[in-house]
Amino acid sequence: MTRKKSPSIYFVVGEESGDQLGAELIKALKEQLGASLTVYGVGGERMAAQGVSSLFPLEDISVMGISAVLARLPKIVRRVYQCVDDVIAKDPDLLVIIDSPDFTHSVAKRVRKKAPHIKVVDYVSPSVWAWRPGRAKKMAAYVDQLLALLPFEPNVHRKLGGPATTYVGHPLIERLHNLRPKEGERAPLEEGARKLLILPGSRGSEVSRLLQPFGEIAANVVRAYPDVELIIPAVPHQRERILEGVSKWKIKPVIVEGEQAKFKAFREAHAALAASGTVTLELAIAGVPTIVAYKLDWFFRRLKDIHRFIPIASIDSMVLPNIILASKVMPEFLDDDVNANTLAPLVVELLADSGSRQDQLQGFSKLDEAMRLADGQSQAGKAAEVVMGLIES
């Protein structure tokens with residue numbers, strides 16, 4: 001096909017986090033190309049500010065939870081096909097799909113079948129290192145280049161036969177000012193009340209399974225440190241569920257909402273009890289020693305049992321800092337081990353100047369080096385470099 005004079009890129013995102021990544025990537029591409037870049041796609045307010053007139057409102061497909069997805073499934077399916085048709089009609093040099101694989105990969109697979117000349121970039125790898133590793137090889141059929149946020153993911157995709165993968169950095173590394181405490185912000189352990197973060201997850205299923213045992217663990221911790229302050233940063237859509245759950249606790253935690261309040265709590269906290277997820281990486285970067293817990297339903301427990309026999313990551317762990325550092329820096333506990341007798345003594349240790357606390361802090365000190373881009377580029381700048389190389393090739 002004849003190369004267009006002005007590069008054109010079609011972006012497809014499925015939620016707000018993808019909208020932010022997409023907007024920063026467009027901004028970085030414009031810095032390299034000037035006004036010659038043409039952009040189309042599906043996005044939110046941030047991408048709109050960068051010139052993307054969204055094909056339909058992002059809210060149409062940005063849903064969480066099985067019940068919400070099922071209720072809106074017919075519309076979501078229509079949006080997939082509408083998006084595919086628009087990509088074919090616009091005939092861009094590149095299709096960039098960002099996160100939200102249930103939606104974005106459905107679009108990419110159909111575009112590849114109908115218009116195989118359109119190159120596809122996937123920005124943010126699905127967690128093939130945690131479950132469903134077979135997805136990696138399937139992705140290689142319709143993804144030309146994968147932009148990974150975690151430094152171990154290129155090696156994982158090589159092992160699994162996935163698409164060509166480049167580590168472009170994680171957004172959290174560029175937000176150290178939000179996560180790292182300023183001088184005097186995190187009080188010394190011997191001064192005043194200790195602060196314990198309790199993070200039962202962002203999904204309803206996680207909160208339902210973890211809030212009760214976390215409350216029992218917290219009650220035991222309070223017996224050891226009566227002055228400890230319990231803080232729960234709550235995501236808006238779980239606020240009522242959390243309030244209902246903690247109403248039965250003898251010691252009531254402080255509930256904080258919003259990103260800035262959450263980051264402030266991280267900068268002030270001395271330890272945390274958290275569900276497995278991206279939050280563990282935020283805590284490690286913030287320097288908060290953490291005990292990680294997770295309770296799986298029977299289906300995902302079976303998948304985890306299968307995964308133990310697959311040599312995907314360099315360490316058998318569900319915790320991001322542990323996988324990145326190839327060391328079990330954050331102790332992690334699963335299912336029946338998530339109980340007060342097992343975990344409360346460990347949390348109590350982290351709230352003292354103990355060896356276990358110092359071991360975690362020493363491990364966290366290696367994260368910056370492990371996650372920093374070798375050439376000192378920004379995340380968006382590195383992603384833009386890879387995208388430009390694919391267009392020019």
Side-chain angles (χ1 to χ4, degrees), residues 1-13 18 21-43 47 50-52 83-84 86-99 101 104-126 128 135-171 373-393:
M1 294 192 65
T2 304
R3 168 70 190 275
K4 303 178 181 68
K5 292 182 181 179
S6 171
S8 61
I9 302 178
Y10 199 108
F11 291 83
V12 180
V13 309
L21 287 173
E24 292 301 317
L25 176 55
I26 295 169
K27 195 183 302 181
L29 287 166
K30 285 180 175 178
E31 288 175 2
Q32 295 187 28
L33 291 167
S36 63
L37 177 66
T38 303
V39 290
Y40 313 104
V42 176
M47 285 172 57
Q50 296 301 320
V52 176
C83 196
V84 171
D86 198 52
V87 174
I88 304 302
K90 297 291 194 301
D91 190 28
D93 292 290
L94 209 64
L95 168 62
V96 177
I97 59 174
I98 304 180
D99 212 356
T104 62
H105 286 234
S106 294
V107 172
K109 283 185 278 191
R110 288 164 175 79
V111 168
R112 176 50 49 96
K113 286 181 180 179
K114 292 188 174 185
H117 65 279
I118 299 175
K119 295 176 181 177
V120 177
V121 172
D122 182 13
Y123 196 175
V124 184
S125 172
V128 296
R135 289 178 295 175
K137 192 170 184 178
K138 292 177 181 177
M139 286 167 58
Y142 58 88
V143 171
D144 298 286
Q145 178 69 51
L146 178 61
L147 307 180
L149 303 190
L150 299 168
F152 60 83
E153 288 178 323
N155 187 48
V156 167
H157 279 277
R158 276 193 296 271
K159 286 183 178 180
L160 296 174
T165 305
T166 302
Y167 172 58
V168 298
H170 198 285
L373 293 170
D375 51 13
Q377 278 182 297
S378 68
Q379 181 200 24
K382 180 65 176 179
E385 178 186 278
V386 177
V387 168
M388 284 303 304
L390 197 60
I391 291 177
E392 291 168 358
S393 69

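Everything numeric in this text was worked out from a predicted model, so none of it was measured.
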So Phe11 and Val42, side-chain contact (heavy atoms from CB on, under 4.5 Å) or not? Walk me through it. CA-CA 6 Å; Phe11 291 83; Val42 176; over 6 Å; no
Do any N or O atoms from the side chain of Ser8 and from the backbone of Asp93 form a donor-acceptor pair under 3.5 angstrom? yes
Regarding Gln377 and Glu385, do their side chains bring together a donor and an acceptor under 3.5 Å, going by distance alone? yes
Supply the atom-to-atom distance Asp122 CG to Gln145 CD, rounded to the nearest 0.5 angstrom. 10.0 Å
Answer yes or no: is there a donor N or O on one side and an acceptor on the other, between the side chain of Asp99 and the main chain of Val124, under 3.5 Å? no
Is there side-chain contact between Ile9 and Tyr40, with at least one heavy-atom pair below 4.5 Å? no
Note: Val52 and Val39 closest approach over all heavy atoms is CG2-CG2, 3.8 Å
OH of Tyr142 to CD1 of Ile97: how many Å apart, nearest 0.5 Å? 6.5 Å
Student check: side-chain heavy atoms of Ser378 and Glu24 closer than 4.5 Å: no
Between Val387 and Leu94, does the side-chain contact (heavy atoms from CB on, under 4.5 Å) criterion hold? Intermediate values first, please. CA-CA 8 Å; Val387 168; Leu94 209 64; 3.4 Å; yes
Is Arg158 reaching over with its side chain to a backbone N or O of Pro163, donor-acceptor style, under 3.5 angstrom? no
Would the distance check show the side chain of Gln50 and the main-chain N or O of Ile26 forming a donor-acceptor pair, the cut-off being under 3.5 Å? no
Smallest heavy-atom separation, Gly381 atom then Gln32 atom, equals O-NE2, 4.1 Å
Answer whether the closest heavy-atom distance between the side chains of Val128 and His157 falls below 4.5 Å. yes
dist Arg112:CZ -> His105:NE2 (nearest 0.5 Å) comes out at 12.5 Å
Test item: Glu153 side-chain N/O and Ala148 main-chain N/O as donor-acceptor pair under 3.5 Å: no
Assess the residue pair Met388 and Leu29 against the criterion (side-chain contact (heavy atoms from CB on, under 4.5 Å)); give the C-alpha distance rounded to whole Å, side-chain angles, the decisive distance to 0.1 Å, and a yes or no. CA-CA 8 Å; Met388 284 303 304; Leu29 287 166; 3.8 Å; yes
Which atom of Thr104 lies closest to which atom of Val12, heavy atoms considered: CG2-O, 3.6 Å
Can you tell me how far apart CG (Leu390) and CG (Asp144) are? Round to the nearest 0.5 Å. 6.0 Å
Provide the closest heavy-atom pair for His170 versus Leu149 in the form atom of the first, atom of the second, distance. CB-O, 3.3 Å
What's the spacing between Ser393 OG and Lys119 NZ if we round to 0.5 Å? 3.0 Å
Write down the atom of Gly169, the atom of Leu373, and the distance for their closest heavy-atom approach. N-CD2, 3.6 Å
Does any non-hydrogen side-chain atom of Ser125 lie less than 4.5 Å from one of Thr165? no
Heavy atoms only: give me the nearest Pro171-Gln379 pair and the separation to one decimal. CD-NE2, 3.4 Å
Within the side chain of Lys30, is there an N or O that forms a donor-acceptor pair under 3.5 Å with the backbone of Leu25? no
Distance col, row Lys27:NZ vs Met47:CE, nearest 0.5 angstrom, shows 13.0 Å
Side-chain donor-acceptor pair under 3.5 Å between Lys382 and Thr166, yes or no? no
Would you say the side-chain atoms of Lys114 pair up with the backbone N or O of Ile88, donor to acceptor, closer than 3.5 Å? no
Taking atom types as modelled, find out whether Asp86 and Tyr10 have a side-chain donor-acceptor pair closer than 3.5 angstrom. yes
